[in-house]
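Accompanying notes for the structure given below.
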Amino acid sequence: MGSSETGAYEGFSAEERAAMKEHAREQRKAARRGSRADKAAEALRDVLAKIAEMQDSDRVMAERIHAVVTAAAPELAPKTWYGMPAYARDGKVVCFFQSAGKFNARYATLGFSDLANLDEGTMWAAGFALTEVTDEVEARIAALVKQAVS
């Protein structure tokens, strides 16, 4: 959320407002009538379109993450969430990719919701900063996704 140099709250940033508007559009679209298969196909097209719109480095990471998540957990359904690729079970997001370009951030993020079974003691990571997706990172993502849906 935006704040001034004095620390006073200035409201949501332009990027945050855009993401909220995108989420509202996603909700309206999901509420439309249609078969489950048609909605799933449209959701996949939307995810692939959002990935294609990303800047080069974010797009490459998102493409690789999409491939890893869909292979590691085929039961998760691709969908957009606040304009970003996400993967859901029973309509509820389990994990998502947030591009660095979306919020002018230093790094992209792979995040997990509280529905992900990543619990490990009294504290565990629910978000991971990404600057590149290597073979090693792909293996770690696959393991996290499999654990998240177990």
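Hydrogens, waters and symmetry mates are skipped; everything else that's a heavy atom, side chains included, is used.
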Spacing of CD1 belonging to Ile51 relative to OG1 belonging to Thr80, to within rounding of 0.5 Å: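 If we round to the nearest 0.5 Å, Ile51:CD1 and Thr80:OG1 are 10.5 Å apart.
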
Rounded to the nearest 0.5 Å, how far apart are OG1 of Thr134 and CE of Met61?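 Taking OG1 in Thr134 and CE in Met61, the distance rounds to 11.5 Å.
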
Specify the closest pair of heavy atoms between [X] and [Y], including all atoms of both residues, with the distance to one decimal.
X: Arg89; Y: Leu115; answer: NH2-O, 4.4 Å
X: Trp81; Y: Ala86; answer: CB-CB, 3.6 Å
X: Ala100; Y: Asp58; answer: N-OD2, 3.1 Å

Kindly check if the number of other-residue, nucleotide or ligand heavy atoms within 6.0 Å of CD (Glu75) is above 12?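 Above 12, so yes.
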
Kindly determine whether Arg64 and Asp135 satisfy side-chain contact (heavy atoms from CB on, under 4.5 Å), including the steps that lead there. CA-CA 10 Å; Arg64 289 183 79 175; Asp135 292 343; 3.1 Å; yes

Taking the side chain as every heavy atom from C-beta outward, state whether Trp124 and Asp119 have any atom pair closer than 4.5 Å.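 A side-chain contact under 4.5 Å exists here.
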
Are Leu76 and Val149 close enough that some pair of their side-chain heavy atoms sits under 4.5 Å apart?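 A side-chain contact exists here, since the closest heavy-atom pair is under 4.5 Å.
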
Could you go through the side-chain contact (heavy atoms from CB on, under 4.5 Å) check for Val68 and Val133 one step at a time? CA-CA 11 Å; Val68 169; Val133 177; 5.9 Å; no

Criterion side-chain contact (heavy atoms from CB on, under 4.5 Å) on Met84 and Ser99, from CA distance to verdict: CA-CA 8 Å; Met84 292 283 105; Ser99 70; 3.8 Å; yes

Any salt bridge linking Glu22 with Lys102? Criterion: basic side-chain nitrogen under 4.0 Å from a carboxylate oxygen.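 Salt bridge absent between Glu22 and Lys102.
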
Could you tell me whether Arg45 and Glu42 have a side-chain N and a carboxylate O separated by less than 4.0 Å?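 Salt bridge between Arg45 and Glu42, a charged N being under 4.0 Å from a carboxylate O: no.
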
Test side-chain contact (heavy atoms from CB on, under 4.5 Å) on Phe112 and Phe128; report intermediate values, then the result. CA-CA 9 Å; Phe112 292 88; Phe128 298 85; 3.8 Å; yes

With the 4.5 Å side-chain cut-off for hydrophobic clustering, are [X] and [Y] part of the same group?
X: Phe103; Y: Tyr82; answer: no
X: Val93; Y: Ile65; answer: no
X: Phe96; Y: Val47; answer: no
X: Leu118; Y: Val145; answer: yes

Is the Phe97-His66 ring centre distance short of 6.0 angstrom?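 Here the rings of His66 and Phe97 have centres that are no less than 6.0 Å from each other.
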
Judged by modelled atom types alone, do Glu15 and Asn104 share a side-chain donor-acceptor pair under 3.5 Å?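 Looking only at side-chain atoms, Asn104 and Glu15 do form a donor-acceptor pair, the distance falling under 3.5 Å.
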
Between Lys79, Gln98, Met54, which is the residue that forms a side-chain contact (heavy atoms from CB on, under 4.5 Å) with Pro85?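 Testing Pro85 for a side-chain contact (heavy atoms from CB on, under 4.5 Å) against Lys79, Gln98, Met54 leaves exactly one candidate, Met54.
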
